[in-house]
Amino acid sequence: VRFIDEVGNISQVYSDTILFDPSLPPAVIPRPTGSIQINQGEAATQTQDVTVTIEAHPAPIPGDFNQDGSVDASDYVVWRKRGGSQVDYDLMRSNFGKAQVAISQMMFSMDGQTWSNPEAYQTSKAFTLSEGNGPKTIYVRFIDQAGKISEVYSDSIALDIPVPIRPTGSIQINEGS
């Protein structure tokens, strides 16, 4: 890379090299977590219109030992009292001053494959199940303000709309003559 200052002076070339080692485990990136519940956990419903209750939690920050949502001096105190390891200390140092980011969006699916556009996060949502009796599953994923997407969470409910009973009978005109 080369740098150019305001007057147009060009620096020397700077470069660096990294070594990719595929045998190393991938870095664990904390993601948001959450849950979904259809009609307060009912096993079945007789209507396609349901309410889903949604709960999401921001991803934890490595080094947030007191779990207050940020890495600060109080985490150092917790680390010291626990007799923490060097690895924990390094996590705390590398994340010092960082804070959790809020859940900002969610998206839904009826099949776990095709997803709705992201929409603002809320704790409940009216939903219309697809037609036809049988098991129905609603899937949700959460997105935090940093753009991290949660794993898939789901809940199922049986749709059991009763078949209407048709009246039966006969009519006689002029006493059947």
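Bear in mind the structure is a predicted one, so any value in this text is a computation, not a measurement. Side chains are part of it too, since the values below use all heavy atoms of this structure and drop only hydrogens, waters and symmetry mates.
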Mutual orientation of the aromatic rings belonging to Phe142 and Tyr121 [parallel < 30°, tilted 30-60°, perpendicular > 60°]: perpendicular
List the steps, then state whether side chain to side chain contact (heavy atoms under 4.5 Å, CB included) holds for Lys136 with Ser156. CA-CA 5 Å; Lys136 306 293 178 181; Ser156 298; over 6 Å; no
Drop me the distance from [X]'s [atom1] to [Y]'s [atom2], to the nearest 0.5 angstrom.
X	Y	atom1	atom2	result
Asp68	Asp72	CG	CG	5.0 Å
Asn117	Gln105	CG	CD	10.0 Å
Met107	Glu119	CE	CD	10.5 Å
Ile149	Arg31	CD1	CZ	9.0 Å
Asp75	Arg80	CG	CZ	14.5 Å
Lys125	Ile36	NZ	CD1	10.0 Å

Go through the steps to decide whether Gln122 and Met106 satisfy the test side chain to side chain contact (heavy atoms under 4.5 Å, CB included), and finish with yes or no. CA-CA 8 Å; Gln122 53 192 6; Met106 58 188 178; 3.2 Å; yes
Kindly work out whether a path of hydrophobic side-chain contacts (I/L/V/M/F/W/Y, heavy atoms less than 4.5 Å apart) joins Tyr139 to Val52. no
Side-chain heavy atoms nearer than 4.5 Å, only ILVMFWY residues, links allowed to pass through others: does that put Phe127 and Ile157 together?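 Shared cluster, yes.
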For the student: nearest non-hydrogen atoms of Asp64 and Gly69, plus distance: OD2-N, 2.8 Å
Determine the minimum heavy-atom distance between Gln12 and Arg2, stating which atoms define it. O-CG, 3.9 Å
Side chain to side chain, [X] and [Y], heavy atoms closer than 4.5 Å:
X	Y	value
Arg141	Trp115	yes
Leu129	Val50	yes
Ile143	Ile103	no
Ile38	Ile138	yes
Pro32	Lys148	yes
Thr114	Phe108	no

Backbone N/O of [Y] and side chain of [X]: donor-acceptor pair under 3.5 Å:
X	Y	result
Asn133	Ile161	yes
Asp144	Gly147	yes
Asn39	Thr51	yes
Gln145	Val101	no
Arg82	Phe65	yes

Residue pair Thr137, Asp111: steps toward the side chain to side chain contact (heavy atoms under 4.5 Å, CB included) verdict: CA-CA 7 Å; Thr137 303; Asp111 61 9; over 6 Å; no
As a quick check of understanding, evaluate side chain to side chain contact (heavy atoms under 4.5 Å, CB included) for Val152 and Val140, giving each step before the final call. CA-CA 6 Å; Val152 176; Val140 66; over 6 Å; no
